[in-house]
Structure formats: structure tokens, C-alpha cells
Number of protein chains: 2
Amino acid sequence: MGRTSTARERLLDSACELMHTRGYTAIGVAEICARADVRKGSFYHFFESKQSLTAEVVDTHWQAQRVAWRERLTGPGSALERLQRLIDWLVGAQREAWQVSGRVDGCLLGNLAVELSNQEPVVQQRLAAAFDEQAGLVHATLVEGAGDGSIAPAYADRATARAVVAHIEGAVLLAKLAGDLSSLDDLWPHVRRLVGSDPLPGDLSR
Amino acid sequence: MGRTSTARERLLDSACELMHTRGYTAIGVAEICARADVRKGSFYHFFESKQSLTAEVVDTHWQAQRVAWRERLTGPGSALERLQRLIDWLVGAQREAWQVSGRVDGCLLGNLAVELSNQEPVVQQRLAAAFDEQAGLVHATLVEGAGDGSIAPAYADRATARAVVAHIEGAVLLAKLAGDLSSLDDLWPHVRRLVGSDPLPGDLSR
């Protein structure tokens with residue numbers, strides 16, 4: 001009873017873990033079911049297809065992430081400090097995952113975005129919505145920064161917010177490729193340049 | 001005779017085109033052979049495996065790209081102007097590909113990096129080498145910029161060069177996900193911030 005009632009969640013969790021490491025195409029329904037300890041027949045009771053399961057994986061993952069993003073981007077401190085809190089948390093999450101698995105699996109949403117943008121329109125739409133929300137959360141913080149004086153108003157635009165999200169994805173991509181997270185030490189200093197809050201040259205230690 | 005002698009190149013070209021659109025895992029040897037009009041038996045005369053073919057696809061693609069990167073990053077103009085020439089060319093190449101296919105397929109090397117970093121060590125090494133070379137070419141340009149006065153010396157470091165490469169990849173990822181290249185209009189202004197050559201706030205039109 002307990003197992004049956006959690007079968008749906010186990011399928012979502014298993015798909016999330018497997019796809020985070022090896023992507024969408026490489027993972028089949030049979031492997032997801034085996035890892036979740038759910039019979040293949042039951043899979044189609046819960047999900048129409050691997051595609052619809054993946055759309056839910058994206059939603060579930062982003063819903064949890066969204067809470068974490070909001071927590072970091074609100075609360076005490078200037079908007080710039082809160083943006084730094086987000087970046088520190090993202091880098092810390094990559095480190096924690098590395099400590100568990102010994103691999104750099106990168107960003108599940110970014111991985112699926114690269115693999116599925118031209119392949120699976122339903123999943124693509126969910127991913128695009130998640131990244132739009134990320135840019136929206138950063139944009140709101142930049143606007144707050146223009147208000148509290150921690151961000152110059154000229155940088156509190158949507159395009160800059162999108163650039164911050166893009167930069168996170170690109171930096172994680174290169175760290176994943178290198179199998180080495182040390183380059184992410186530079187993520188905050190570089191994001192800071194994008195939002196126009198770079199310390200003066202020659203004072204880069206700040 | 002003519003067809004036979006070009007079979008190897010046709011296999012490489014076909015794999016490159018198919019993988020650029022749909023990735024590595026989704027493409028099988030049979031489909032590559034069909035598109036190249038080469039019998040499957042002949043495939044293994046030229047390549048040991050799909051993995052070794054893909055390693056050569058990466059090398060071949062990057063060798064052609066490297067020539068283009070070098071052309072833009074050398075020649076007349078300040079180092080900053082040459083860096084802009086590279087970015088303009090990269091964005092233009094995405095637009096040309098879009099005009100041909102109606103899709104945003106993004107960056108072949110970045111796509112394969114996301115998909116294969118933890119899966120195929122031989123391909124991963126070639127990809128890592130290509131991105132290291134990209135960072136090296138940008139770094140050399142930044143150092144020249146510190147010499148010609150177009151880049152502040154504090155920004156002429158390897159980490160900044162790597163950040164430029166990461167930013168290109170992240171921006172292309174988001175454009176691919178959106179199926180829309182218009183956000184790449186901001187790529188140069190944002191790269192310019194990363195290399196510390198942002199126009200003063202309030203003068204963003206420069």
C-alpha cells in the first residue's frame with residue numbers, strides 16, 4: 001500500500017536522477033521503472049509517455065528550485081547581496097551533488113534544454129517557462145537593487161537578468177565538461193560584472 | 001570511384017549535421033550511413049564506433065571553427081574590436097543556420113558537451129580541448145588588449161577569457177530553447193561587461 005501510493009513520486013524521482021546524469025534520449029521507460037521498482041504496466045497508469053513524464057519532471061524540479069531561488073533573492077541585505085546569495089547557493093548545490101556522486105552532472109534544466117529544444121515541444125515549453133521565471137526573479141531583484149542603490153538603474157533591465165541566467169548555464173556547462181567545479185569560484189565575480197557592480201579594476205579582491 | 005573516395009567525408013558530414021540537430025544518443029550508425037549513402041559495412045572500415053566517429057566530428061568541426069576564430073581575432077583594429085568581430089561572426093553564423101533550417105540548433109560543441117560530458121570520455125576530452133583552445137584564443141586577445149589599451153589589464157586573465165566562452169554558450173543555449181535568436185543582439189554588450197569595457201552607465205547606446 002505504502003509502496004503503491006508512492007509509485008508516481010518514485011517514477012518522477014527516478015526519471016529525474018537518471019536524466020540528470022545521462023539525459024533524456026539515453027533513458028528508457030523500462031530503466032525508469034526498474035529503478036523506481038514499479039511495473040512497466042503501471043507506468044502508463046500514471047503517465048501517457050516518457051515525454052509527459054519528463055514535462056512533469058521539469059515542473060517538479062523547477063517548483064522545488066523556485067522556492068530556493070526565492071528564499072535567496074528575498075530576505076535581509078541589499079539586492080546585490082541577495083543575488084550573491086543565490087549564486088553562492090547554486091555553486092554550493094553543484095558541490096554537494098559532486099560530493100555525493102563524484103560527477104559534475106550540471107543543471108538538469110539546462111541539460112534537457114540543450115537536448116530537447118528542437119525535439120520535444122511539450123518539454124521545451126516547460127523548460128522555456130522555467131528559464132523565463134528565473135530571469136523574472138533576477139530581474140525583480142535588479143529592479144530592487146536600482147531602488148536600494150546596490151545596482152545602477154541602467155543594469156536593472158530584463159536583458160541583464162537574462163544574461164545572468166545565461167551566464168550561470170554557460171559556466172555550469174564548462175564545469176561539467178571539465179569535470180571540475182573550481183571554475184565556479186569565479187561565477188560571482190563575473191555575474192557581478194554583468195550587473196554593472198564590478199569593483200574597480202585593480203581592486204578585484206573586494 | 002568518386003563516391004567511394006568521399007565516403008569518409010560524407011559520413012563525417014552526415015554525422016555532424018544529424019548530431020547538430022538531434023544530438024548524439026538519438027542518432028544511430030544506420031541513419032548516418034543512410035544519409036551519407038554509404039553501406040553500413042563500410043562504416044566500420046572507416047570508423048571503429050559511433051564514439052570514434054564523433055570524436056572526429058568534434059575535431060573536424062573545431063578545426064574549421066578555429067580558422068574562423070583566428071581570422072576574427074587577428075587582423076586590423078584594437079583587441080576589443082577584434083573580440084567584437086568574433087562575437088558578431090558567431091551571432092551571424094547562428095542567423096545563417098536559422099535561415100537555412102528554420103531551427104536554432106545552437107552550438108554543436110556545446111550541445112555535445114552537455115550530452116556527453118559524463119558518458120563518453122574520448123569525446124569529452126576532445127570537447128574539453130576545443131573549449132580550452134577557445135578560451136586560449138580569447139585570452140591571447142585580452143592580453144593584446146591590455147597592451148593596446150583597449151582592455152584594462154585586470155581583465156586580461158584566463159578566467160575572464162573562460163567567462164566569455166561560457167557566456168557565449170549560455171546565451172546560445174537560451175536562444176536555442178526559445179527558438180529565437182533576438183536575445184543574441186545583447187551578446188556583445190554583455191561580453192563587453194565581462195571584459196571590463198562597458199560604456200559608462202547611462203551611455204549604454206555606445
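Each chain gets a letter, A, B and so on, in the order its sequence line appears, and its residues count up from 1.
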Indicate the atoms forming the closest heavy-atom contact of B/A159 with A/H190, along with that distance.
->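 Looking at all heavy atoms of both residues, the shortest contact is O-CE1, 3.3 Å.
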Engaged part of B/Q119 at the chain A interface, taking heavy atoms whose separation is under 4.5 Å =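 For B/Q119, the side chain is the part near chain A, not the backbone.
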To the nearest 0.5 Å, how far apart are CG in A/N118 and OG1 in B/T21?
->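 Between A/N118 CG and B/T21 OG1, I get 7.0 Å after rounding to 0.5 Å.
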Does A/R193 reach the side chain of B/T160, with side-chain heavy atoms less than 4.5 Å apart?
->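 They are in contact (side-chain heavy atoms under 4.5 Å apart), so the answer is yes.
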Identify the residues of residues 167-179 of chain B whose heavy atoms come closer than 4.5 Å to a heavy atom of chain A, ordered by number, or report 'none'.
->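 Within residues 167-179 of chain B, the residues under 4.5 Å from chain A are B/H167, B/E169, B/G170, B/A171, B/L173, B/L174, B/A175, B/K176, B/L177, B/A178.
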When only heavy atoms count and the cut-off is under 4.5 Å, which of residues 76-114 of chain B reach chain A?
->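 So the qualifying residues are B/R103, B/V104, B/D105, B/G110, B/N111, B/A113, B/V114.
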Got a sec, which residues hit side chain to side chain contact (heavy atoms under 4.5 Å, CB included) with A/T25, two or more places apart in sequence or on another chain?
->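 Side chain to side chain contact (heavy atoms under 4.5 Å, CB included) list for A/T25, sorted by chain: A/E115, B/T25, B/A26.
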With a 4.5 Å cut-off on heavy-atom pairs, point out which of B/P153, B/S183, B/P189, B/G23 contacts chain A the most.
->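 That would be B/S183.
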Might you confirm whether atom CD of B/E48 has over 12 heavy atoms from other residues, nucleotides or ligands at distances under 6.0 Å?
->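 No.
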Should we count CZ of B/R39 as having more than 12 external heavy atoms under 6.0 Å?
->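 No, because the 6.0 Å sphere around CZ of B/R39 holds 12 heavy atoms or fewer from other groups.
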Could you list the residues that satisfy salt bridge (Lys or Arg N to Asp or Glu O under 4.0 Å) with A/R22, not counting sequence neighbours?
->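 If we apply the salt bridge (Lys or Arg N to Asp or Glu O under 4.0 Å) test to A/R22, skipping adjacent residues, the hits are A/E31.
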